[in-house]
Number of protein chains: 2
Amino acid sequence: MLTMTLSPDLEAKEAAFGPDAIDADGGCALNKRLRAAAPRLLQAREHLFFEGDHKDCIYQVERGAVCLYKTLPDGRRQIVDFAYPGDFIGLGSPEEHVFSAQAITLTRLRCLSASLLDEVARHDPQVCMMLYRALSDQLFAARDLLLTVGQRSATERLAAFLMALSRRNERNFVDPMRIVLPMTRADIADFLSLTIETVSRSFTKLRQSGIIDLMQSSFVIVRNRQTLEQLAAGEAREFK
Amino acid sequence: MLTMTLSPDLEAKEAAFGPDAIDADGGCALNKRLRAAAPRLLQAREHLFFEGDHKDCIYQVERGAVCLYKTLPDGRRQIVDFAYPGDFIGLGSPEEHVFSAQAITLTRLRCLSASLLDEVARHDPQVCMMLYRALSDQLFAARDLLLTVGQRSATERLAAFLMALSRRNERNFVDPMRIVLPMTRADIADFLSLTIETVSRSFTKLRQSGIIDLMQSSFVIVRNRQTLEQLAAGEAREFK
DNA sequence: CGAGTCGTTGATTCTTTTCAAAGCCCGTGG
DNA sequence: CCACGGGCTTTGAAAAGAATCAACGACTCG
């Protein structure tokens, strides 16, 4: 499906300094450990863990994508984040996981013992700082999503979502005008706090406005990035 | 208005071990530093900083309350968190603040040089871990709010908000059945992603159902905590 | 006491949801 | 190779919840 690669950050680092130079910079005792850590393969739709499960591992995504979500007792679901290659899953939270994690596509992860990681972080400020930064990124993302879900219209939300994926591509040296969506409409809906119907209608609206093209339902071509960006930012007068 | 006290955590610690014992446990080199740090007083509605401002300080609230918010270019505002006594403001984010911070009531804070804090954290794993935990709490809160804003109805959102304040009281050994709201309806609206009118109508609904009483608009008495809790959890059949 | 801010309530409008049905894509099996 | 079946997506019509627009009331501060 999606041609996922290893974390581009790590790859770039290795390319620049060679595999040995990595230990020279922050948090890379951890990277070494990660590469040695037990790998795990998850099929699409397979759960990594559920909310409330005992937290024995922290994970880092190597390939694929995982959605992190919370649910209400009656089944309403809010996806709070998508984890892509390089991202950590399960940082911060205490003894138990405070959200569920489910693979969206075939996914490969590295598993790190939570207690061991805690031990390492407690003694190695570099590792601690690295985790701190990762957590800080997740906080930023969560608050950003909060702004999106709380204040933007349906079409703006979808635009913001697509722009985020486009920018992600850019950072990873992938064509930002071609976006592959590994997740279903239901996943997008639960991420943006909409229904699948509204997500679908918003896609149609963007397509009819000439802002995007839909090749298949999971493959988007960005035709007018500037307008998409303005829509996402909430700067565009809404149009039919 | 609100009879705010110093961080109950710190107070409890001091009460249990005396002021000198504090250094024995995690992150308290920081606590010492904090008590020595420059205090700052903010009037209600006064801004601490704006999104995009250079981040030279991290703050800890001593008294009062601060709202942290993000805005869209056209003025739509999303409050992403309220900071109460003991809470840190400005953790994580990079060189620039990524949200604005405005005092809700008369507020007293301690200011810590961001670079100094960074320096300390880099060498002291205990401090680093303490900040890590604080950040982790904020991430949890943000995702929780995301679930609230994304999936709950207007009345459920308000119920969740009131329950959170009630539980906060409980943790601080304050009567959980009496809730003082230091913020305006507009603040609550921007926090819960509703309009002031809808917030007001939801208060009325809760009052008419006998779940709460409104003494003044900023003083709530919880009459039926169980129902409030069920509503907040999304377990209650919606009622008029 | 008057001005102004903040909060409540009512009527109407609008966006999104809900309910319903049809279309499309893909894998399976004849 | 093509027909069949099931899941996912799209589209349409009706309904619901919250927003908007408008006015009034309450409390606060000069």
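Throughout, a chain's letter reflects where its sequence line sits, starting with A, and its residues are numbered from 1.
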Using the rule side-chain contact (heavy atoms from CB on, under 4.5 Å), only one of A:Leu145, A:Leu147, A:Leu146 pairs with A:Val149; which is it? A:Leu145
In this structure, which one of B:Ser193, B:Ser100, B:Cys67 forms a side-chain contact (heavy atoms from CB on, under 4.5 Å) with B:Arg77? B:Cys67
Rounding to a whole Å, what distance do you find between [X]:[atom1] and [N]:[atom2]?
X	N	atom1	atom2	result
A:Glu156	C:dT15	CD	P	12 Å
A:Ile188	D:dT9	CD1	P	8 Å
A:Leu194	C:dT16	CG	P	8 Å
A:Asp190	D:dC8	CG	C1'	14 Å
A:Phe203	C:dG23	CZ	P	22 Å
A:Arg185	D:dT11	CZ	C1'	14 Å
B:Leu158	D:dG17	CG	P	17 Å
A:Lys205	D:dG12	NZ	P	14 Å

Please assess B:Asp187 against B:Thr184 for the test side-chain hydrogen bond (donor to acceptor under 3.5 Å, both in side chains), listing each intermediate value before the final yes or no. CA-CA 5 Å; B:Asp187 292 328; B:Thr184 66; 3.3 Å; yes
Minimum-distance nucleotide (side-chain atoms of B:Leu214 versus C:dG7, C:dT8, D:dT9): C:dT8
If a protein heavy atom is under 4.0 Å from the base, mark B; if only from the sugar-phosphate, S; if neither, -; do that for nucleotides 23-30 of chain D going 5' to 3'. --------
So what does A:Ser193 hit on the nucleic acid, given a heavy-atom distance under 4.0 Å: a base, only sugar-phosphate, or nothing? sugar-phosphate
Cation-pi, B:Phe203 ring and B:Arg185 (6.0 angstrom, 45 degrees): yes
Can you tell me how far [atom2] of [Y] sits from [atom1] of [X], rounded to the nearest 0.5 angstrom?
X	Y	atom1	atom2	value
A:Phe50	A:Tyr69	CZ	OH	5.0 Å
B:Ser166	B:Leu228	OG	CG	7.5 Å
A:Leu194	A:Thr155	CG	OG1	9.0 Å

Distances under 3.5 Å between nitrogen or oxygen atoms of protein and nucleotides 9-11 of chain C:
residue, atom, partner, partner atom, Å
C:dT9, OP2, B:Thr204, OG1, 2.5
C:dG10, N7, B:Arg201, NH1, 2.9
C:dG10, O6, B:Arg201, NH2, 3.2
C:dA11, N6, B:Arg201, NH2, 3.4

Do any N or O atoms from the side chain of A:Asp87 and from the backbone of A:Ile89 form a donor-acceptor pair under 3.5 angstrom? no
Does A:Thr198 offer a backbone N or O that forms a donor-acceptor pair with the side chain of A:Ser202 under 3.5 Å? yes
Does C:dT16 have OP1 or OP2 under 4.0 Å away from a side-chain N or O of A:Thr195? no
